[in-house]
Each structure stands twice: as structure tokens, then as C-alpha cells.
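Hydrogens, waters and symmetry mates play no part in the numbers below; they use all other heavy atoms, side chains included. Numbering starts at 1 and runs along the sequence shown.
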Amino acid sequence: MKIFRERKAFQQAMADLKRTGKRLALVPTMGFLHEGHLSLIREAHKHADAVAVSIFVNPIQFGPTEDLDKYPRDFERDVRLCEQEKADFIFAPAPEEMYDSNASTRIIEKSLSSGLCGALRPGHFEGVCTVVAKLFNLSGADVAVFGEKDAQQLRVIKRMVRDLDFPVEIIGSPLVRDTDGLALSSRNRYLSEEERKRALVLNQALFAAKQAISRGGLAVAGEVAEAAEFEIKQRCDKLDYLKVLDSDTLQPPDANSREIIILAAAYFGKTRLIDSIKVEL
Ligand code: PAF
């Protein structure tokens, strides 16, 4: 496995690889890898001859009061895990390597990113789109794998790829849960034991809502959302949102909706967690 720190060297090596006719998959991450990320690497192997994992805590997707400085990092452990999963390349640039000091270009998706986390974290998806576009350009990947856990992010990236004609196929890989049901996230490590117990309300409320909507259909979606919101509010420190939306448009579902998605974001202590679950109609 080869590790690149410089973007030009990474770009050159990936171009050389592509010239040999090999198919390349990219797995963009911010490191501190967990089983969810490893499942993305495994998925990537199914679609390509070689897999590159990027490890980069992207400063421009964090707001001024967010956890950029304390975002968990453990590069040596990440390298071991990538090796274990037989990744071929790691791209791990420093922020000043990734962005020129006078970089002044950003990519803004204006529809799917406007609600949910986008509304509460101004500039977040602009930062995500910009770094992901750079990673696509640097890697020249044929396929890129993202977690369905970040449901809004996955949809925003798919839209960006469509709108800007990036020649890359986007694969969404299923969310991975811990044995107790909590969605895996690098941020789970911030939770105290007591907060982690309370955080289980997220997946419990979402699963209950899914069951209720599977039984009662869209007609019950409003009351089910209210019940889930009530449940989560009992145990979290602050609920950012609980929404039942059309899975494609992230708008309120209607008679044309084929699948809906129930999404929640809430704080447990100072840790903001997100979770989501899809329901076929
Ligand atoms: O999902 C993440 O870890 C990040 O948002 C991503 C896609 C790697 C961009 O920094």
C-alpha cells in the first residue's frame, strides 16, 4: 500500500494506474476509521481493480464553532486498518497541501443541501462538495463509495456529479450499526457512557417510525413523525430535526414518492449525532 501526502504525486500515480486500463475506486474519509468506513473499502473492491482511501479532515466543511480541532485523528491506526482491508493507496494531505493559501473557488449545490444539516451548518455542504470535487479531479476515480449514513451528503454529491458531469459513478453503501443499534460514527467516541445509552433513542425511535409507516403508509407519516420527535426529545439534550421526507428529493413525500427516508439529528451532551432509515412504500 502506498501513502501519498502530496496532491501532484497522487494525481500522477493515479493517472499512471488508469493508463494501464485499471479501474480505480475512491473512498473519501476524514479518518479515525471504524467498521462503517471499512465496509466502504470492501464495497469499493467489488467495483474496481484498485482502491484509494483519502484521509483528510477537511477544514472548510467545519463551522467556526464546530469540532475541527478536536475531531478524532489516529493516522497510524488508520493505515493499519487500510492495510488490513487491502486498500492500494492512501491519500492523506495536510490542509495547506490540499488548499492553496489564496484558494477562492467553492462548489455550491443549491437545492438538496439547503435543508436539514445544510440549514443548521451553514457552509458545510459547500465545503464537502468542494473537497469531494477536488478528490475526484486528483484521483480520476471511476467509482466512489460514500456511506448512506450521511444520507443528505450522499444525495448532494450525486446531484453535484450529475450537474457538473463528473465522470465518476457514485455508490451508496449501507449504514453500519453497533450491536446495540447505534449508527457507527467517528463522533461516537466523544460520548460518555450515560450519553451513549441515551443516544440509542435515535435508532429506536427511527425503527419504530419505520414500522409504523410500513404498516400505515404515508397517511400516518405526520403523527408518526410527531411521536418519534417526542420520544427523541425525552432523551436527547437538543433535537436539531426529525423529518419524514421523500428519499430522492428530500422534500415532503407525496403520492409519487416510492421510498421515504426518516432522518434525525440530535445532541447528546456536546456531541451531535445523525441517523436515518429508509422505508419503501
Ligand atoms: O463523510 C465524510 O467523512 C466527509 O464529509 C467527506 C465526504 C470525506 C468529505 O470531507
Side-chain angles (χ1 to χ4, degrees), residues 3 27-44 53-85 87 90-95 98 116-117 120-121 124-125 127-128 131-132 145-154 172-207 232 235-242 263-277:
I3 300 174
V27 180
T29 81
M30 298 207 298
F32 208 70
L33 304 180
H34 52 65
E35 185 55 34
H37 297 110
L38 305 189
S39 74
L40 304 184
I41 302 178
R42 282 174 216 139
E43 184 64 32
V53 179
S54 63
I55 297 179
F56 179 61
V57 183
N58 176 32
I60 68 166
Q61 71 184 69
F62 287 78
T65 59
E66 291 181 0
D67 56 346
L68 172 64
D69 291 336
K70 76 173 180 82
Y71 195 83
R73 294 161 169 91
D74 189 343
F75 187 64
E76 280 174 18
R77 182 171 158 277
D78 289 345
V79 170
R80 278 200 306 279
L81 290 170
C82 286
E83 243 157 11
Q84 173 194 303
E85 295 303 327
I90 289 180
F91 176 49
M98 192 62 167
L116 303 168
C117 290
L120 293 150
R121 301 182 67 190
H124 171 67
F125 285 114
V128 170
V131 79
V132 169
V145 185
F146 293 86
E148 279 178 11
K149 167 166 183 287
D150 295 300
Q152 187 179 15
Q153 169 174 282
L154 176 61
S173 188
L175 182 157
V176 181
R177 296 185 183 278
D178 217 329
T179 44
D180 56 7
L182 188 69
L184 293 187
S185 162
S186 303
R187 289 189 168 99
N188 290 353
R189 69 123 46 185
Y190 300 149
L191 297 167
S192 69
E193 208 175 308
E194 181 272 332
E195 288 162 353
R196 198 180 189 293
K197 272 195 198 130
R198 284 194 285 124
L200 294 180
V201 73
L202 270 186
N203 57 288
Q204 288 162 356
L206 293 188
F207 271 101
I232 297 172
R235 310 213 73 200
C236 75
D237 292 301
K238 181 174 162 248
L239 176 68
D240 265 355
Y241 58 76
L242 180 291
L263 311 103
Y267 282 86
F268 297 87
K270 289 194 168 123
T271 307
R272 183 177 186 273
L273 299 181
I274 59 171
D275 201 342
S276 63
I277 195 159

Kindly indicate whether the side chain of L81, heavy atoms from C-beta on, has any atom under 4.5 Å from the side chain of E85. no
Apply salt bridge (Lys or Arg N to Asp or Glu O under 4.0 Å) to residues R196 and D178 and explain how you reach the verdict. CA-CA 11 Å; R196 198 180 189 293; D178 217 329; 2.8 Å; yes
Within the 4.5 Å heavy-atom criterion, are R187 and F268 side-chain neighbours or not? no
With a 4.5 Å cut-off on side-chain heavy atoms, are L38 and Q84 touching? yes
Taking only Lys NZ, Arg NE, NH1 and NH2, and the carboxylate oxygens of Asp or Glu, determine whether E35 and R42 approach each other closer than 4.0 Å. yes
Would you call D275-R177 a salt bridge at under 4.0 Å N-O? yes
Before you tell me yes or no, could you show the steps for E43 and I41 under side chain to side chain contact (heavy atoms under 4.5 Å, CB included), namely the whole-Å CA-CA distance, both residues' side-chain angles and the distance that decides it to 0.1 Å? CA-CA 5 Å; E43 184 64 32; I41 302 178; over 6 Å; no
Decide side chain to side chain contact (heavy atoms under 4.5 Å, CB included) for R121 and R272; before the verdict, give the C-alpha distance in whole Å, the side-chain angles of both, and the deciding distance to 0.1 Å. CA-CA 11 Å; R121 301 182 67 190; R272 183 177 186 273; 3.9 Å; yes
Partners of F62 by ring pair (Phe, Tyr, Trp, His ring centres under 6.0 Å), sequence neighbours excluded? Y71
Before giving the answer on side chain to side chain contact (heavy atoms under 4.5 Å, CB included), spell out for D78 and I90 the whole-Å C-alpha distance, their side-chain angles and the decisive distance to 0.1 Å. CA-CA 10 Å; D78 289 345; I90 289 180; 5.9 Å; no
Rounded at 0.5 Å granularity, tell me how far CD1 in I274 sits from CG in L116. 9.5 Å
R198/D237 salt bridge by N-O under 4.0 Å criterion: yes
